[in-house]
Structure formats: structure tokens, C-alpha cells
A.B. asks: 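My questions all concern the structure below.
We use all heavy atoms of the structure for the numbers below, so side chains are in, but hydrogens, waters and symmetry mates are not. Computed from a predicted structure; not experimentally measured.
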Amino acid sequence: MPETERLDPHPHSHPHPHPHPHPPEYARPASADVVAFESLARSVKDWAPDLVPGLLRTADYSGAVLQAYEPVGTDEATDGRQASRETRQARQVRARIFDNPAGPRYWVILDEVVVRRPVGGPHTMAEQLRHIAALVRRHRIIAQVLPLSEGAHAGLEGPFKLMTFDDAPPVAYVQVAGTGRLSDDPAVITRCTRTHELLGTAALPPLASLALIEQAAEEYESPEYGNNEYEREADAREEYGREEYRRYEEPEAAHPL
């Protein structure tokens, strides 16, 4: 990421203004730089097709994600209270951005899948969605939801974060297959900018998105949520089984070559 190094995320921690003028890509964890860049940014735009972005995650949601990535680790590695201690501390530092009136303007577009997938269970998801809704109502963030009914869309290639600065070029953080890279390549910036614009046009407006998020939180909080979900899943499995049985029983003559 040689171009990205023009913007040093720790400008006062090195005697030389450019401590890594030409490092190879992945020379150090890009996620560590992302956290630093977020605090320096004028604006941050996230596209989240599968999980709530790190800036918005609650402690329990973060713990559930960590445990999903380490399902067969040690007890300490899978215990949300112990294994993610540093993660939670980092999250708390990142979340302070929203307490700073001079912090970056933050705009996130969530795929509806993010809202509907019960990461950590209904209680954790309700808390997570209430947290996002509270930030919207405090006018600290803009949040939109891309509905499932939209079908194919511009963000199918995966999640990304686009950051702009007052005195440096924009930087994009692009995630692919469990890893990510920082880039200020103009072509990458242009593509991410265009994609975010297209997603914003296709997504629900902010007020409608807020209503959907709060309604989903209410559904997670409902004592009937689990029963309804299990019933729907059971009905879907039963219907799938009947369909497969009908296909199996159909005579071969019904499918001429």
C-alpha cells in the first residue's frame, strides 16, 4: 500500500514523517491503520453487505462474531467477556468518534440481510439495532437499508469503507475473503464512490430505513420471535421436502431428452 503511506495514521509517533515510504501491501495489519484513519477522517462511508461495521458494533455483537470465527478455540478464545477484551476496548475507542461533534460524518448502507440475521441471538440483535437507531436519532450518523427486494445491486463484490480527509487524498478499505487492503488508487476510490452512490439510490430513504431497523428490533424483542422463526423455517423445510419428493416421483417420461 505505498500510496496510502502518504497519510500516516500516527503522525507524531515517528521521527521521520514517512516511516514506511514504500512498504509492500499487507506489510502490517490494514485494520490497525483503518482505526487510526477513521479518527482523522472528515467523512466515513461504509457499505455493509453481511455484518454490522466495526464502528457500530456493540460488545455482545462483536463477541458473537468473534466466536463464529473461532468456533473450536479454547474457552478463553471463545468467551466473549475474556477473549474480546482488547477488541471491546478498541471498539469503545472507535465509538467515541460519535461523541465528538467534530468527528467525521458517517454514512452507512446496510444490506437488509444484516438486519435480519440474528447474530448472537434475538437479545443481542435487538440491542445492536437499538444502538444504531439511537445514533440515527441523535443525528450522529446516516443509516440506510438496502431491501432484499432490490435483487441484484452494485455492491455484490463485497464490503468497503471510503474515508475522506481535509489535507490528504481519500482512502478506501476494501475487504475480500476475510482480509482487507487500504488503497488511495484513484481508480479504486472512483469505483467505491460510484458504488456507494448507486447503493444509496437503491436503498430505502433514511427515515424509512430507521423505521425498518426499529421494527426489526421490536420483532427481536417479541417473546413470539423464536416461535415464529422456527415455524417459518419448519414450514420452508417441509415444503422443500414435498417438492423434492414430487420431483423424485415424477415419471421419467415427464422429462424427455
Side-chain angles (χ1 to χ4, degrees), residues 1-14 17-20 23 25-59 61-63 65-66 84-111 114 128 131-136 138-144 155 158-176 178-185 188-189 191-193 195-197 199-200:
M1 49 185 183
E3 294 301 316
T4 300
E5 293 303 330
R6 291 203 301 256
L7 179 62
D8 184 0
H10 306 288
H12 304 297
S13 61
H14 305 285
H18 300 287
H20 304 290
E25 289 193 351
Y26 309 112
R28 63 177 185 267
S31 58
D33 287 346
V34 170
V35 175
F37 286 146
E38 287 171 342
S39 65
L40 299 172
R42 182 182 72 229
S43 69
V44 178
K45 296 178 180 179
D46 262 323
W47 158 234
D50 46 18
L51 291 169
V52 172
L55 267 174
L56 299 177
R57 290 181 188 176
T58 63
Y61 188 99
S62 295
V65 172
L66 178 65
S84 61
R85 182 178 299 135
E86 294 183 1
T87 302
R88 294 202 313 274
Q89 291 174 346
R91 180 193 60 80
Q92 290 169 357
V93 171
R94 295 176 79 183
R96 291 183 194 136
I97 288 177
F98 299 123
D99 295 328
N100 180 6
R105 296 187 298 272
Y106 184 77
W107 180 4
V108 61
I109 303 175
L110 305 167
D111 194 304
V114 177
Q128 176 64 76
H131 174 64
I132 295 173
L135 289 173
V136 172
R138 285 169 49 202
H139 304 289
R140 300 306 302 146
I141 70 172
I142 298 172
Q144 289 183 264
F160 63 83
K161 184 189 302 287
L162 184 63
M163 296 170 282
T164 63
F165 306 87
D166 288 324
D167 55 359
V171 174
Y173 178 62
V174 182
Q175 294 177 260
V176 180
T179 186
R181 66 183 180 90
L182 285 160
S183 174
D184 65 357
D185 183 331
V188 174
I189 300 301
R191 185 171 182 84
C192 288
T193 300
T195 299
H196 202 274
E197 290 173 351
L199 290 168

A.B. asks: Starting at CG of L162, measure out to OH of Y173 and round the result to the nearest 0.5 Å.
C.D. replies: 14.5 Å
A.B. asks: Kindly give the heavy-atom pair with the smallest separation between R181 and V188, and that separation in Å.
C.D. replies: NH2-CG2, 4.0 Å
A.B. asks: Nearest heavy-atom pair of V174 and C192: which atoms, and what distance?
C.D. replies: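 Heavy-atom minimum between the residues: CG2-SG, 4.2 Å.
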A.B. asks: Do Q144 side-chain atoms and I109 backbone N/O form a donor-acceptor pair below 3.5 Å?
C.D. replies: no
A.B. asks: Compare all side-chain heavy atoms of L182 with those of V34 and state whether any distance is below 4.5 angstrom.
C.D. replies: yes
A.B. asks: What is the distance from atom CG of L56 to atom CD1 of I141, rounded to the nearest 0.5 Å?
C.D. replies: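 Interatomic distance, L56 CG to I141 CD1, rounded to 0.5 Å: 5.0 Å.
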A.B. asks: To the nearest 0.5 Å, what is the distance between CG (L135) and OH (Y106)?
C.D. replies: 9.5 Å
A.B. asks: Against D46, only a single residue in R57, K161, R105 fulfils salt bridge (Lys or Arg N to Asp or Glu O under 4.0 Å); can you say which?
C.D. replies: K161
A.B. asks: Assess whether atom CZ of R42 is packed by more than 12 heavy atoms of other residues, nucleotides or ligands within 6.0 Å.
C.D. replies: yes
A.B. asks: Atom CG in L40, atom CD1 in I97: separation rounded to 0.5 Å?
C.D. replies: 9.0 Å
A.B. asks: With a 3.5 Å distance limit and no angle check, can you tell me whether W47 reaches the backbone of G155 through a side-chain donor-acceptor pair?
C.D. replies: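 A pair under 3.5 Å: yes.
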A.B. asks: If you compare all heavy atoms of P49 against all heavy atoms of P159, which two are closest, and at what distance to 0.1 Å?
C.D. replies: CD-CB, 3.5 Å
A.B. asks: Closest approach of V52 and Y61, non-hydrogen atoms and distance?
C.D. replies: N-OH, 3.1 Å
A.B. asks: Determine yes or no for a side-chain-to-main-chain donor-acceptor pair under 3.5 angstrom, with R140 supplying the side chain and D99 the backbone.
C.D. replies: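 Judged by distance alone, no pair lies under 3.5 Å.
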A.B. asks: Say you draw a straight line from CZ of R138 to CZ of F98; how long is it, rounded to the nearest 0.5 Å?
C.D. replies: 9.0 Å
A.B. asks: So which heavy atom on L110 is nearest to which on P53, and how close?
C.D. replies: CD2-CD, 3.9 Å
A.B. asks: Could you pull out the closest heavy-atom pair between V136 and A143, with the gap in Å?
C.D. replies: CG2-CB, 3.8 Å
A.B. asks: If you round to the nearest 0.5 Å, how far is CZ of F160 from CG of L199?
C.D. replies: 6.0 Å
